[in-house]
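What follows is a single structure, and I will ask about it in a moment.
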Amino acid sequence: MKKYKVGVIGATGMVGQRFLLLLENHPWFEVVCLAASANSAGKAYKNAVRKWHMTSPIPSAFAMMTVKDAFADREEIAKSVDFCFCAVNMKKDEIKELEYSYAKLECPIVSNNSAHRFTDDVPMIIPEVNADHLEVIASQKKRLNTKRGFIAVKSNCSLQSYVPLLHPLKKFGIVSAAVCTYQAVSGAGKTFETMPEILDNVIPYIGGEEEKSELEPLKIWGEILDGKIVPAKNPAITAQCVRVPVSDGHTAACFVKFERKPSEQEILEAWKDYSGEPQSLKLPSAPAQFIHYSEEVDRPQPKLDRNTENGMAVCAGRLREDKLFDYKFIGFSHNTLRGAAGGAVLLAELLAAKGYFD
């Protein structure tokens, strides 16, 4: 595999920081450009970062790298890289404009942002679940009139705690699902220090999160028709999303009703046996075992399970029958690894392995 030159747009934010830790020694990707807002442009990266949120220090390879202006320096950035990761904190319309402008400059964008998740020719990918949706990129490039520029996005971070667990069960005919997610403060780009109101508290509202949790899975399970991804019409999903005093890791309590009720053993075997293209392609960031099931009655837990397979596995536990639905279980994933930067890096590896950056 050739080494690809990579830019990180939004490098100073929490997800951008996580990107740099993941990319520091990546076997396929070499970071050659960091970009952020005009306020950070022209500064050495270590001086541009207002607060370093990671437990590991700023990688020395990036500390003195000069940060570029993500808007003003677009043409220069696009010419210097094979593709860019994008994780910015701006209004959706501004993000759309920014990402389109890079794609039209023939710079592919692997986005952590939500702005293009429902653009019908932009694939929204969980690599183990719907890698086939990358095929819609050909239609997107035709619309944008580009040769290699395009946008691919990862899904919302909370989805990783339950959609990968529902997906292998679709063969039993999922009629409906209810999910309550208990989401870490890092999902809001915060820490306990910057979000003191979460201590000794839960906040039962996360703006826009419930709509994403109910609708994004249907696009992921959709099909490509006439160059567009048409969302699936079922299963019906209802969601409640709560912010909890956890640093990293989103937990989901999930309830499922089936057309044909499987046995507990059938569900456990479906999870154990499931793998996707990242595993068959042996992508560098792919967990060897995608889904890990814990027999202990008090697992999974954020503190104990968030770093399973370097934070890239999805964990499950407490599978049991339910009086209203057929079954209920607990799901869990690391929201800034599998759910954000790590998921985007895995998506980029999938794109690279399939030749989309060539």
Side-chain angles (χ1 to χ4, degrees), residues 3-74 76-78 80-90 95 98 102 107 109-113 154 157 184-196 246-249 284-285 302-303 306-307 309-312 334-349:
K3 199 105 171 180
Y4 292 92
K5 293 181 178 179
V6 178
V8 178
I9 302 168
T12 57
M14 183 177 280
V15 176
Q17 292 172 22
R18 180 70 75 182
F19 270 127
L20 295 188
L21 289 182
L22 293 173
L23 296 169
E24 181 183 10
N25 299 303
H26 196 281
W28 296 1
F29 304 148
E30 178 190 2
V31 177
V32 298
C33 178
L34 305 178
S37 68
N39 291 335
S40 300
K43 299 176 183 176
Y45 180 72
K46 69 174 187 177
N47 298 326
V49 174
R50 290 182 188 174
K51 182 172 177 56
W52 181 255
H53 295 290
M54 305 293 109
T55 53
S56 300
I58 295 175
S60 58
F62 310 130
M64 295 308 298
M65 195 177 282
T66 302
V67 178
K68 298 189 180 298
D69 186 322
F71 270 99
D73 298 329
R74 278 174 287 190
E76 179 189 345
I77 294 167
S80 69
V81 300
D82 293 306
F83 73 95
C84 281
F85 291 106
C86 188
V88 293
N89 183 17
M90 303 187 315
I95 295 172
L98 180 70
Y102 275 89
C107 176
I109 290 290
V110 179
S111 179
N112 189 72
N113 305 307
K154 54 157 290 299
C157 56
V185 296
S186 56
K190 303 283 188 178
T191 62
F192 294 140
E193 187 180 304
T194 59
M195 195 179 187
V246 169
S247 59
D248 291 300
S285 299
K303 215 168 189 177
R306 57 184 159 220
N307 292 319
E309 300 231 23
N310 298 314
M312 291 299 290
H334 194 307
N335 59 297
T336 67
L337 286 169
R338 165 55 72 167
V345 170
L346 186 62
L347 169 54
E349 291 168 0

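Numbering starts at 1 and runs along the sequence shown.
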Please report the shortest heavy-atom distance between Cys86 and Ile109, naming the atom on each side.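 Between these two residues, the closest heavy atoms are CB-CG2, 4.0 Å.
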Distance check, rounded to the nearest 0.5 Å: Lys3 atom NZ versus Glu30 atom CD? 6.5 Å
Using atom types as modelled and distance alone, determine if a side-chain donor or acceptor of Arg18 lies under 3.5 Å from a backbone N or O of Ala340.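 Not a single qualifying donor-acceptor pair exists.
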Crowded around Asn47 CG? As in, over 12 foreign heavy atoms under 6.0 Å? yes
Output the distance between atom NZ (Lys5) and atom SG (Cys33), rounded to the nearest 0.5 Å. 11.5 Å
Heavy-atom pair with the smallest gap, counting every atom of Leu98 and Arg74: CD1-CD, 4.3 Å
Within the side chain of Tyr102, is there an N or O that forms a donor-acceptor pair under 3.5 Å with the backbone of Ala70? yes
Is Leu21 close to Pro59 at the side-chain level, that is, under 4.5 Å between some pair of heavy atoms?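 In short, these two side chains touch, coming nearer than 4.5 Å.
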Look at the side chain of Lys154 and the backbone N and O of Gly339, then say whether any donor-acceptor pair between them is shorter than 3.5 Å. yes
Nearest heavy-atom neighbours spanning Ala341 and Asn112: N-OD1, 4.1 Å
Taking atom NZ of Lys303 as the centre, does the number of heavy atoms from other residues, nucleotides or ligands within less than 6.0 Å exceed 12?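 No, the 6.0 Å shell around NZ holds no more than 12 heavy atoms from other groups.
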Would you call the rings of Phe29 and His26 parallel, tilted or perpendicular, taking 30° and 60° as the class edges? parallel
Nearest heavy atoms of Asn113 and Ala87, plus distance in Å: OD1-CA, 3.5 Å
Mind listing the closest non-hydrogen atom pair of Val67 and Tyr45 along with its distance? CG2-CA, 3.8 Å
Test item: Tyr4 side-chain N/O and Ala348 main-chain N/O as donor-acceptor pair under 3.5 Å: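 The answer is no, because no donor-acceptor pair under 3.5 Å joins these two groups.
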List the steps and the verdict of side-chain contact (heavy atoms from CB on, under 4.5 Å) for Met54 and Met14. CA-CA 8 Å; Met54 305 293 109; Met14 183 177 280; 3.9 Å; yes
Supply the atom-to-atom distance Ser56 OG to Glu24 CD, rounded to the nearest 0.5 angstrom.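 Interatomic distance, Ser56 OG to Glu24 CD, rounded to 0.5 Å: 8.5 Å.
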Stepwise, does the side-chain contact (heavy atoms from CB on, under 4.5 Å) test hold for Arg50 with Thr12? CA-CA 8 Å; Arg50 290 182 188 174; Thr12 57; over 6 Å; no
Passes side-chain contact (heavy atoms from CB on, under 4.5 Å), Ser285 versus Leu22? Steps please. CA-CA 9 Å; Ser285 299; Leu22 293 173; over 6 Å; no
Where Ile9 and Cys84 come nearest, the two heavy atoms and their spacing: CD1-CB, 3.8 Å
Gln17 (side chain) donor-acceptor with Lys51 (main chain) under 3.5 angstrom: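 Such a contact is found between Gln17 side chain and Lys51 backbone.
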